[in-house]
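A short write-up of the structure that comes next.
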Amino acid sequence: MDLANGFANGSGNGFGGDVNGSRYLPISEHGLIGDLRTAALVGTNGTIDWYCCPRFDAPSVFASILDADRGGSWELAAEVPARTRQFYFPDTNVLITRFYAADGVAEIQDFMPVVDESRAAARHRLIRRVVCVRGTLPFRARVAPRFGYGTEAHTVHAQAHEAVFTCRSISLALTSTAPLESDGTDVWSHFKLLEGESVVFALDQISDGVRPQACPRAEAQEQFEATVRFWSRWLSRSRYRGRWREMVNRSALTLKLLTYVPTGAIVAAPTTSLPERVGGERNWDYRYVWVRDAAFCVYAMLRLGFTSEAEAFMGFLSERCIAPGAGPAGPLQIMYGIDGRSDLPEVELSHLEGYLGSAPVRVGNAATGQLQLDIYGALIDSVYLYDKWGRPISSDHWDEVGVVVDWLCDNWDQPDEGVWETRGGRKDFVYSRLMCWVAIERAIRMANRRGLPADLPRWQQSRDAIYRKIMREGWSAERGAFVQGLGDDVLDASVLMMPMAKFIAPTDPKWLSTLDALTTELVSDSLVYRYDPGASPDGLRGSEGTFSICSFWYVEALTRAGRLEEARLAFEKMLTYANHVGLYAEEIGRSGEQLGNFPQAFTHLSLISAAFNLDRALG
């Protein structure tokens, strides 16, 4: 079966052969910078083509990755032909883009200083420092914001080294050590650097009555050094010392970048509407907190020794999300805003053409109203691990666990939309039942270990009923595998979680048979598809690429089954699909291209887990 038709039918991939190709960098040709409140994508050509201010879910200022003409961008590049290379300053989220030309070499140092939350009045800045390191090189800059996803008009008041962009909802100040010019909409600069010389640009949000503040070279150097220190010190707390330290460290740094420090929220990705198939409609806004994704992030962070991030997320859920008076979807929604808000209306921005013409562009997410029972397993498992590896949970948190588990005992048998958020109607998904089992089983463990009050007979009865239901109706003797839905015969990669969740022994004959069936039908050279949309319609048109979290789950399943040579080869292959700075989107397309929102927390947390467990198995 061929599911890999992500760029079929002439839709193009940005590598040539498409009229839009020269207007859009491939998704993978970007690095990410951020300040734990928002983030920006910087292309290998030196252009910032995605940036929301002042936080992840705010309307965009630069969004040319979603519309090259209307989205807005900040171009910064050599004015002569030059090759470029991009890398991170070691062990940090400071991004360096180097330009190699006939007469010299220069680099752009892009970073966002991380501000101490106690300094409420401190500025949140985006700094771009251009340094000539050899010879001489001419540069150009063009700052062309398009506020409100390109819908809000703005004015510019420019002076020699300062410009203020003002629209209805926000004002941004640009300062530069190079002279600036303006046409009333955009601002640009041309300058030539000799070896050792530099130019600094800084972009700040300002409010009424606040004057722009210049960022002279000495201050830029201080903030560069402070930002490097912050990330290096944070990463030094990691306990991982295994074979794939560089990739694990980069994944950890990426997960930290996706944290919204004011509340402890963790976003699924910093972007919206990057397509799962170019030309398709599977384009979603991921700048929110999925309970599942964030809970899995907590697991990955705890594995590495980062307990404060786990504690902050537990606080986010407890203070803003868990509702004792549960509605039909239970005590939790599947996702929340980064401030804990529950209303995330989905809107299509028809004026934007989408990445490589992949409309629609969406903001908000209508999946908030879905029932996805698996989130409770992810959540309670992360609470269990935090209680075990971090700090013992408080009595209030235990009360919240009890609310969740009591609700699950009454509702685990409902059909739902499932882990993949299908829009084709509710089904009896095996994975949803599996994670309900996880939630109740982990709660029982905590109650027994710590002597906490619980209705254990009721919890145990529900746990055992779920187990029997999966074993009777989630197993297909005809397929020789656990399947997607109770009583059907469709394969689904989500069942790769079964041995990881300790539902079944990784060497159980039924599991080994399932692993073989998944390998035959859903695995393509170590890359794993979620399911076959043709066999299991999900309410959406078109297909998609392989799902990278499933590929890392596959590595872990092989590891636990004792097939270590296969596991290591599959893992090493997956590492070749990372981009030049070690980042992954959500999916991998037919030609190895990154697809979907970028970078994706799901992918990086599963890389950490796979590396950790494969390392341990290899010894």
So F612 and Y240, would you call those rings parallel, tilted or perpendicular, with 30° and 60° as cut-offs?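 Rings of F612 and Y240: tilted, 30 to 60°.
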In terms of relative ring orientation, are W389 and Y299 parallel, tilted or perpendicular, with 30° and 60° separating the classes?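 Tilted: the ring planes of W389 and Y299 meet at 30° to 60°.
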Considering only NZ, NE, NH1 and NH2 on the basic side and carboxylate oxygens on the acidic side, decide whether [X] and [Y] come within less than 4.0 Å.
X: D492; Y: R479; value: no
X: R341; Y: D339; value: yes
X: E587; Y: R282; value: no
X: R362; Y: D285; value: no
X: E441; Y: R445; value: yes

Side-chain contact test, heavy atoms from C-beta onward, threshold under 4.5 Å: evaluate it for [X] versus [Y] and give yes or no.
X: P262; Y: R55; result: no
X: N283; Y: R277; result: no
X: D91; Y: N249; result: yes
X: L605; Y: R303; result: no

Provide the full list of salt bridge (charged side-chain N to carboxylate O under 4.0 Å, His left out) pairs with a residue in residues 381-392, sequence neighbours left out, each pair given once.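 Listed by first then second residue: E311-R391, D381-R442, D387-R449, D387-R450.
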R239 vs D615, salt bridge (charged side-chain N to carboxylate O under 4.0 Å, His left out): CA-CA, chis, key distance, verdict: CA-CA 13 Å; R239 293 197 298 245; D615 253 323; over 6 Å; no
Has Q372 got a side-chain atom pairing as donor or acceptor with D374's backbone, closer than 3.5 angstrom?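 Flag not set: sc Q372 to bb D374 has no pair under 3.5 Å.
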Set of salt bridge (charged side-chain N to carboxylate O under 4.0 Å, His left out) partners for K573, sequence neighbours left out: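 K573: salt bridge (charged side-chain N to carboxylate O under 4.0 Å, His left out) contacts with D525.
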Salt bridge (charged side-chain N to carboxylate O under 4.0 Å, His left out) with D413: which residues, sequence neighbours excluded?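 D413 satisfies salt bridge (charged side-chain N to carboxylate O under 4.0 Å, His left out) with R433 once adjacent residues are dropped.
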Is it the case that R530 places NZ or CZ above or below the six-membered ring of F547, under 6.0 angstrom from the centre and within 45 degrees of the axis?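 Judged by the rule, R530 and F547 form a cation-pi pair.
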Show me, pair by pair, the donor-acceptor contacts under 3.5 angstrom made by side chains of residues 462-473, not counting sequence neighbours?
residue : atom : partner : partner atom : Å
S462    : OG   : R458    : O            : 3.3
K469    : NZ   : E473    : OE2          : 3.3

Looking only at heavy atoms, which two atoms of D416 and S432 are closest? And how far apart?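 Closest heavy-atom pair between D416 and S432: OD2-OG, 2.7 Å.
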Return the minimal non-hydrogen interatomic distance between I588 and S548, and the atom names on each side.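 Shortest heavy-atom separation between I588 and S548 comes out as CG1-OG, 3.5 Å.
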Considering the options W420, F429, F482, which one meets the side chain to side chain contact (heavy atoms under 4.5 Å, CB included) requirement together with S494?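 Between S494 and the candidates, side chain to side chain contact (heavy atoms under 4.5 Å, CB included) is satisfied uniquely by W420.
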Is a donor from one side chain sitting under 3.5 angstrom from an acceptor on the other, for E556 and S609?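 Yes, a side-chain donor-acceptor pair sits under 3.5 Å.
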With respect to F571, which candidate in W244, W553, Y554 satisfies the ring pair (Phe, Tyr, Trp, His ring centres under 6.0 Å) definition?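 Of W244, W553, Y554, ring pair (Phe, Tyr, Trp, His ring centres under 6.0 Å) with F571 is met by W244 alone.
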Option from F552, F598, Y584 for which ring pair (Phe, Tyr, Trp, His ring centres under 6.0 Å) with H604 holds: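 Exactly one candidate clears the test, Y584.
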Do other residues, nucleotides or ligands put more than 12 heavy atoms under 6.0 Å from the CD atom of Q461?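 Check fails, neighbour count at 12 or below.
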Sequence neighbours left out, what pairs pass ring pair (Phe, Tyr, Trp, His ring centres under 6.0 Å) with at least one residue falling in residues 362-386?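 Qualifying pairs, neighbours excluded: Y376-W407.
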With sequence neighbours left out, write down each residue that passes ring-ring contact (aromatic ring centres under 6.0 Å, His included) with Y260, or none if nothing qualifies.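 Counting only residues at least two positions away or on another chain, Y260 forms no ring-ring contact (aromatic ring centres under 6.0 Å, His included).
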Would you please indicate if the ring centroids of W290 and Y286 are separated by under 6.0 Å?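 That pair passes the under 6.0 Å test.
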Can you tell me how far apart OG (S318) and NE2 (H397) are? Round to the nearest 0.5 Å.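 Nearest 0.5 Å value for the OG-NE2 distance: 3.5 Å.
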